[in-house]
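Working notes, beginning with the structure itself.
Order of listing sets the numbers, starting from 1, for every ligand and every atom in it. For clarity, every value in this text was computed on a predicted model and none was experimentally measured.
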Amino acid sequence: MKVQRPPEESIGAEVLDFDVKLVTPAEAIAIKELVYEHKLVIFKNQSVTEKQYLEFAQKIGTPHIYPQDNYHHPDYPEIFVSSNILKDGKKFGVRGTGRYWHTDCAFLDEPLPFTILYPQILPKSNRETYYLNMERVYEKLPAHLKIYVEGKYIKHDAKWRYKVQECDIDKAIIDIIHDFEKRFPAVQHPAIITHPVTQKKSLYMSSGFTAGIIGLDYETNQKILQELFSFMERDEFIHKHKWNDGDLILWENRTLNHKASIPVLSEESLNYRICVYDGLPFYVSSPSSVDSQAITGAFASA
Ligand SMILES: [Fe+2]
């Protein structure tokens, strides 16, 4: 496996001359280690079917089935479909997903550590995904903001991102929201999370899903959240990936926020995503709470 590592303080390793269809168990472990180290791994020049894509994900970890079936690929529910095209004259997946800063499924009790993205049709222009390095954000976070997040919990809520479906026709908006809240109640996670392998800390929040810092009143929350979002969304923390045909990307949601670019309306796009659990806790509460033996065991079983 030929790896091109990023310059110091940058993210994203490129894997060249490698076919994800042929990944061995030892290579799967090496790939995960690359992700933990570089946050983002790009496999160049891939050509895989849906089945082979899923098989690759299964070698990396346990694929997750997104809890809303309107996103599912009809034959492979593990594949989340983001598209603006029709398939056999029918709606295929959901259009316009993820155009705001977020981490995948932060609104679940067990957020998804890894995302694997494999575009099928790239738009001609605006074919980018943006990443925020949240480990770096934590390192640089000024003291006057750190005091609001250190030792605190954050509320993550997905309801404002819900996309209305055909089954919602004739329902009042308030009922749609209440139904969604019943299915996906807001969850809490620590504002600062410790990585189970590197033991490094990241700020775990996003302007897409973060609804508040627990313990702060409404006015303070509004003010501090805006300050935190403006700080973390600065250019210095943003990494841009410009997609080429054949790119397949694996990234870590523990340390990165991401958002999609907005394609030109007339241009077709079709994207496949699989999120996987890597067999490790999403975060550990303190550096000593996961020992190295437990991590090795989890690598072997994921
Ligand atoms: Fe996403």
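Applying the side-chain hydrogen bond (donor to acceptor under 3.5 Å, both in side chains) test to residues at least two apart or on different chains, the pairs with a partner in residues 38-48 are Arg5-His38, Lys39-Glu135, Lys44-Asp247.
For an aromatic pair to be called close, the ring centres must be under 6.0 Å apart, and Tyr66 with His72 fails this. Taking the six-membered ring for Trp, Tyr277 and Phe114 have ring centres at least 6.0 Å apart.
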Residues 176-186 side chain polar contacts: donor-acceptor under 3.5 Å, at least two apart:
residue	atom	partner	partner atom	Å
Glu181	OE2	Lys159	NZ	3.1
Arg183	NH2	Pro67	O	2.8

Output a table of donor-acceptor pairs, distance under 3.5 Å, between side-chain atoms of residues 90-103 and any protein atom two or more places apart or on a different chain; print 'none' if there are none.
residue	atom	partner	partner atom	Å
Lys91	NZ	Gly93	O	2.9
Thr97	OG1	Ser82	OG	2.8
His102	ND1	Tyr100	O	2.7
His102	ND1	His258	O	3.1
His102	NE2	Asp104	OD1	3.2
His102	NE2	His258	NE2	3.0
Thr103	OG1	Tyr204	OH	3.1

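The shortest non-hydrogen separation linking Tyr131 to His241 is CE1-CB, 4.1 Å.
For the Fe ion (ligand 1), the count of nearby protein N/O/S atoms, taking only those under 2.8 Å, is 3.
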